[in-house]
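Everything quoted here is computed from the prediction, not taken from an experiment. Lettering of chains follows the sequences in order, A, B, ..., and the numbering in each one begins at 1. FYI, side chains are in, hydrogens and waters are out, and symmetry mates aren't considered; it's all heavy atoms of this structure.
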Protein chains: 2
Amino acid sequence: MGVTIRDVARSAKVSISTVSRVLNDKCNVSDDKRVRVENAARDLGYIPNPAAQSLHSSRTGSLGILLPFVSGEFYAEFLNGVDKTAQGGDWLLMISTSHNSEEELRAALKGMYRRVDGLLIMAPNITAESVLLQPHDDIPIVFVNTRCEDEAISLITFDNYGGMREMTRHVIAQGHTRIGFIRGPVMAFDAAERERGYRDAHAEAGLAIDERLIVPGNYSQQSGHDGAVRLLGQRERPTAIMASNDDSAIGALSAIREAGLDVPSDVALTGFDDVPSARFTVPPLSTVHVPVRELGARSIQVLMECIQTRRIPDPPHFSMDVEVRVRAST
Amino acid sequence: MGVTIRDVARSAKVSISTVSRVLNDKCNVSDDKRVRVENAARDLGYIPNPAAQSLHSSRTGSLGILLPFVSGEFYAEFLNGVDKTAQGGDWLLMISTSHNSEEELRAALKGMYRRVDGLLIMAPNITAESVLLQPHDDIPIVFVNTRCEDEAISLITFDNYGGMREMTRHVIAQGHTRIGFIRGPVMAFDAAERERGYRDAHAEAGLAIDERLIVPGNYSQQSGHDGAVRLLGQRERPTAIMASNDDSAIGALSAIREAGLDVPSDVALTGFDDVPSARFTVPPLSTVHVPVRELGARSIQVLMECIQTRRIPDPPHFSMDVEVRVRAST
DNA sequence: TAGTTTCATGAAAACCTTTTCATGAACCTG
DNA sequence: CAGGTTCATGAAAAGGTTTTCATGAAACTA
């Protein structure tokens with residue numbers, strides 16, 4: 001079995017209290033013994049048992065990350081920011097994905113009970129308030145990209161609505177009046193916000209929306225492809241297609257080319273997220289840049305601060321800036 | 001603070017031993033008390049403290065996942081398979097990324113000490129043997145896509161060499177003789193294997209390789225773009241470009257189109273991995289299909305079995321099948 | 001020098017479970 | 001009915017750490 005503090009104490013011929021003092025406090029212990037303990041610990045390769053430490057301190061050194069269904073570059077980027085920042089603070093990450101319903105999230109929350117010191121939750125399909133109604137540990141929780149009105153809950157988000165409104169303004173400014181829209185997942189808060197941006201920009205410009213131009217999707221490439229096929233098959237086909245995210249835009253792009261049409265001369269195309277691939281489509285994709293990695297980094301940053309200061313940040317809600325990036329697809 | 005087994009015992013008017021028995025063994029306890037305990041536990045919302053359980057049982061219920069730098073769809077897919085399978089076995093995942101050097105991996109290994117019951121390590125830049133030379137907990141370890149000769153080490157991999165050899169044969173069969181190759185990361189085992197496949201297929205066909213046709217890369221879209229620019233700028237430009245993975249093929253595709261050339265009529269293009277996007281490039285990308293999600297799933301499966309049976313699988317090395325998928329880019 | 005303060009040190013308690021052990025009571029068996 | 005089993009139950013130990021408390025020695029102060 002593993003080497004314990006007892007082994008170190010025996011080897012250094014001191015009591016376990018002294019060993020613990022040397023390894024933690026660093027005060028009130030004679031140089032002689034300190035050196036003996038340090039040597040013994042090193043020679044034996046002693047590492048404190050985290051379970052024992054945690055039992056005593058009720059601190060775990062881990063952060064829980066709860067995500068919805070993970071796919072595509074968005075999450076890889078997000079996790080990158082999360083992990084790098086967490087490692088900087090010497091935290092380990094406990095990650096659990098595929099939580100789309102309240103049910104699943106509740107189970108995950110229970111599974112993480114007492115195993116983590118804080119939680120980062122991205123739950124675009126659910127409201128933050130409903131998550132917190134569940135019985136839960138009173139550890140700090142930071143929500144990301146989740147619907148949340150309550151100012152007592154810490155939230156990091158980005159402007160799904162404004163980004164898509166801005167992008168729609170851009171497309172309208174290009175002279176388009178029949179603009180197709182490929183929706184995101186039905187239950188997703190961010191998808192609804194993006195659609196709202198699309199609609200409001202139309203209203204602003206005094207453009208009526210033909211509801212047939214709004215087709216379903218679920219953020220996947222396949223759904224973007226299918227959505228575009230549907231839009232292009234319409235009698236009076238749109239001159240521009242706005243996809244709810246980059247993945248579905250990439251799918252749409254392939255459908256447009258399959259139909260023998262050119263982007264942007266026949267059909268303009270836009271995405272949302274600005275994943276790395278968006279710069280490498282042909283033509284490069286006009287999209288709404290979301291600082292995904294920074295989003296992950298900042299979320300963890302805030303969570304670490306919540307844990308340290310024992311209270312939620314002020315202001316509790318923070319929104320990252322997004323920015324329209326016009327490339328060759330419009 | 002949290003509700004403990006004592007609280008449940010007090011509330012149910014029994015000893016803590018009885019509570020523990022009801023919640024675990026389920027034997028040798030009267031119906032009367034069983035019901036009382038169950039009700040009390042439910043009403044108080046009791047969840048056993050994992051640290052205390054772990055301290056006693058020296059089991060944690062967590063699996064450690066150590067990955068290299070994570071980016072792109074490959075890892076999102078892999079994690080999908082991993083997480084879904086782990087959840088099925090009621091395990092939590094402790095994930096740590098960005099371990100490319102022995103140094104970093106050693107630190108991560110130390111950080112996970114006694115926090116996990118098993119480890120899944122993907123370390124294409126290092127050998128499995130060198131990782132195990134580090135002092136480490138004697139928990140089961142499964143390596144994925146890592147260089148490893150030792151038959152005493154459990155390994156799941158896929159045929160990087162054979163896949164690329166097969167794909168190269170396909171390209172050669174199309175009549176190409178000047179075939180550019182965009183390398184993966186210098187230290188990466190899988191990248192070296194893929195290059196070896198490229199070379200051996202040439203040798204088989206009696207084709208000499210012009211070393212100028214092999215350019216550096218690092219699996220990123222940007223590096224694929226840059227590599228293609230370099231290849232296309234050569235005096236005698238290649239008629240086909242094989243990228244070491246799909247991401248760099250996507251980058252290369254954009255560079256080819258920027259140069260005003262057509263795929264596949266001017267330049268054929270291939271990738272490796274078959275990430276979801278590969279079907280939605282224009283034209284769709286010929287690539288080597290790797291069952292990435294299954295790879296993740298199987299790896300965790302094997303790890304769970306190692307933990308349960310307390311020994312490594314027989315045979316210890318397992319290779320997933322890959323398959324050339326010819327699409328419109330060749 | 002007597003009294004007080006500082007300081008290094010080890011013993012022991014606490015954190016929360018699970019599991020072993022001991023104790024009776026109720027139940028058999030011959 | 002006496003001796004032996006089974007069985008429900010609670011007390012206590014163990015798991016590895018940190019922290020408090022007690023102890024005694026050494027260092028000060030008046």
*asked:* Looking at R6(A) and dG15(D), is any side-chain donor or acceptor paired with a base atom of the opposite kind under 3.5 Å?
replied: no
*Verify the contact: side-chain N or O of S20(B) to OP1 or OP2 of dT17(C), cut-off strictly under 4.0 Å; return yes or no.*
no
*Would you classify T4(A) as touching base, sugar-phosphate or nothing, given that sugar-phosphate means primed atoms plus P, OP1 and OP2, and contacts are heavy atoms under 4.0 Å?*
sugar-phosphate
*So what does S30(A) touch, heavy atoms closer than 4.0 Å: a base, only the sugar-phosphate, or nothing?*
sugar-phosphate
*Provide, to the nearest angstrom, the distance between the CG atom belonging to L23(A) and the P atom belonging to dT18(D).*
7 Å
*asked:* If you assign each of Q53(B) and I16(A) to its closest nucleotide in DNA chain D, which residue comes earlier from the 5' end?
replied: Q53(B)
*Hey, is the side chain of N49(A) poking within less than 4.0 Å of OP1 or OP2 on dT17(D), counting only N and O atoms?*
no
*Quickly work out the Y113(A) OH to dT17(C) C1' distance and round it to whole Å.*
13 Å
*Mind calculating the distance between CG (L55(B)) and P (dG16(D)) to the nearest angstrom?*
7 Å
_Spacing between I5(B) atom CD1 and dA14(C) atom C1', to the nearest angstrom_ = 17 Å
_Contact nearer the 5' end of DNA chain C, comparing V29(A) with N24(B)_ = V29(A)
*Would you say N28(B) reaches dC7(D)'s phosphate, i.e. side-chain N/O to OP1/OP2 under 4.0 Å?*
no
_Any N/O donor-acceptor pair, H56(A) side-chain to dT18(D) base, under 3.5 Å_ = yes
_With a 4.5 Å cut-off on side-chain heavy atoms, are T4(B) and I16(B) touching?_
no
*Within the side chain of D117(A), is there an N or O that forms a donor-acceptor pair under 3.5 Å with the backbone of G61(A)?*
yes
*Given atom CZ of R10(A) and atom P of dA11(C), what is their separation to the nearest angstrom?*
14 Å
_Under 4.0 Å from OP1 or OP2 of dT17(C): is there any side-chain N or O of Y46(B) that close?_
yes
*Which part of the nucleic acid does T18(A) contact within heavy-atom distance under 4.0 Å: base, sugar-phosphate only, or nothing?*
sugar-phosphate
*Side chain of R21(A), base of dG10(C): donor and acceptor closer than 3.5 Å?*
yes
*Any idea which heavy atoms bring Y75(A) and L67(A) closest together, and the distance?*
CD2-CD1, 4.3 Å
*So, does D43(A) use its side chain to make a donor-acceptor pair with the main chain of A40(A) at under 3.5 Å?*
no
*asked:* dT9(C), OP1 or OP2 - any side-chain N/O from K33(A) closer than 4.0 Å?
replied: yes
*F78(A) vs F74(A) aromatic rings, parallel, tilted or perpendicular, using cut-offs 30° and 60°?*
parallel
*To the nearest angstrom, how far is D31(B) atom CG from dC7(D) atom P?*
14 Å
